[in-house]
Amino acid sequence: MYPDSRCSLEHENAFQLLVATVLSAQCTDARVNLVTPELFARFPTPAALADALQEELEEIIRTTGFFRSKTKSLLGLSAALEDRFDGRVPSSVEELTSLPGVGRKTANVVLGVAYGIAEGVVVDTHVKRIAYRLGLTRQTDPEMVEQDLIALLPEKERVVFTHRMIDHGRAICVARKPRCAECDLHDICPSSLV
DNA sequence: ATCCCGAGGG
DNA sequence: CCCTCTGGAT
């Protein structure tokens with residue numbers, strides 16, 4: 001299933017991935033990919049983004065939702081990258097989550113996709129829902145779900161696992177009305193409706 | 001009305 | 001733990 005699953009947020013470097021992942025909160029990545037070309041063309045570096053006008057930034061990213069707080073996060077994290085990390089995206093969870101607007105989920109995405117580091121597991125809304133339905137966890141708090149998945153998955157499997165869960169969550173195991181009859185896992189899934 | 005690759009604040 | 005932030009798609 002999903003042999004070639006990978007990150008679907010369009011990006012060319014760690015900085016762009018960080019920005020796109022911040023924008024992806026409570027928003028489809030397809031919509032994020034609609035605004036990032038203009039965003040990256042106007043503000044290609046942390047230094048450029050840190051100097052952006054708030055109003056201009058809000059206008060560009062408005063359709064991704066939560067645009068005021070996301071604008072604040074992008075301005076804050078760009079300034080922090082300049083001030084504390086020499087304009088580079090750091091490669092540890094502690095440093096990444098010290099940036100405004102960056103929590104464990106975003107940090108794990110950047111570490112895994114940009115740097116190939118998978119000490120944690122990305123737990124987004126799809127991973128959380130599907131792990132629960134499959135009986136891989138009984139937890140509902142994302143950090144607790146992550147601990148269960150870390151115990152289940154060797155490091156090499158963690159990055160691709162998340163992307164497969166996301167693909168599966170979009171195509172089959174959707175939130176509202178899962179298509180269990182089309183699911184390859186229906187006979188081993190404790191939540192299967194068929 | 002519910003959901004989308006969440007995070008911060010109370 | 002709870003709440004709020006936000007627009008677009010279904």
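Because the structure is predicted, anything quoted here is derived from the model rather than measured. Letters A, B, ... mirror the listed sequences (proteins, then strands); counts begin at 1. Computed from heavy atoms alone, side chains included, the values below leave out hydrogens, waters and symmetry copies.
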Provide the distance between the two P atoms, one in C:dT4 and one in B:dT2, to the nearest whole Å.
16 Å

Specify the residue among A:R176 and A:T64 whose closest nucleotide of DNA chain C lies further upstream toward the 5′ end.
A:T64

Starting at the 5' end of DNA chain C, which residue's closest nucleotide do you reach first, A:T28 or A:T140?
A:T140

With no hydrogens and no angle check, do the side chains of A:T162 and A:K105 hold a donor and an acceptor under 3.5 Å apart?
no

OP1 or OP2 of C:dG8 versus the side-chain N and O atoms of A:T63: is any pair under 4.0 Å?
no

Closest-nucleotide 5' rank along DNA chain B - winner of A:V102 and A:R6:
A:R6

5' precedence on DNA chain B between A:K105 and A:S73 (nearest-nucleotide basis)
A:K105

Mind checking if A:P142 touches a base, just sugar-phosphate, or nothing, with heavy atoms under 4.0 Å?
nothing

Whole-Å distance, A:E143 CD to B:dG6 P, equals 15 Å

How many Å lie between CZ on A:R68 and P on C:dG7, as a whole number?
7 Å

Let me know the distance between CG of A:L96 and P of B:dC5, rounded to the nearest Å.
21 Å

Can you tell me how far C1' in C:dG8 sits from the matching atom in B:dG8, rounded to whole Å?
23 Å

What is the distance from CG of A:L149 to C1' of B:dC5, rounded to the nearest Å?
14 Å

In whole Å, what is the span from the CG atom of A:L99 to the P atom of B:dG6?
18 Å

Could you give the CD1-to-C1' distance, from A:I130 to B:dC4, as a whole number of Å?
13 Å

Against the side chain of A:S8, the closest entry in B:dA7, B:dC5, B:dC4 is B:dC5

CG of A:L49 to CG of A:L57, rounded to nearest 0.5 Å, is 5.5 Å

Does OP1 or OP2 of C:dG7 have a side-chain N or O of A:R31 closer than 4.0 Å?
no

Note: A:D167-A:R164 ion pair, threshold 4.0 Å (strictly below)
no

I need the minimum non-hydrogen distance between A:F15 and A:T45, along with the two atoms involved.
CE2-C, 3.5 Å

Hey, are the side chains of A:R31 and A:T63 touching, using non-hydrogen atoms and a 4.5 Å cut-off?
yes

How many Å lie between CD on A:Q26 and P on C:dT4, as a whole number?
15 Å

Between B:dC3 and C:dC5 - C1' atom distance, rounded Å
16 Å

Hey, do the aromatic rings of A:H163 and A:Y2 have their centres closer than 6.0 Å?
no

Should A:R129 be listed as having a side-chain N or O under 4.0 Å from OP1 or OP2 of B:dC5?
no

Separation between the C1' atoms of C:dT6 and B:dC4, rounded to whole Å:
12 Å

Check the geometry between A:F67 and C:dG7 and answer yes if their rings are stacked (centres below 5.5 Å, planes below 30°), otherwise no.
no

How many Å lie between CG on A:N33 and P on B:dC4, as a whole number?
17 Å

Residue-phosphate contact under 4.0 Å: A:R170 side-chain N/O, B:dC3 OP1/OP2
no

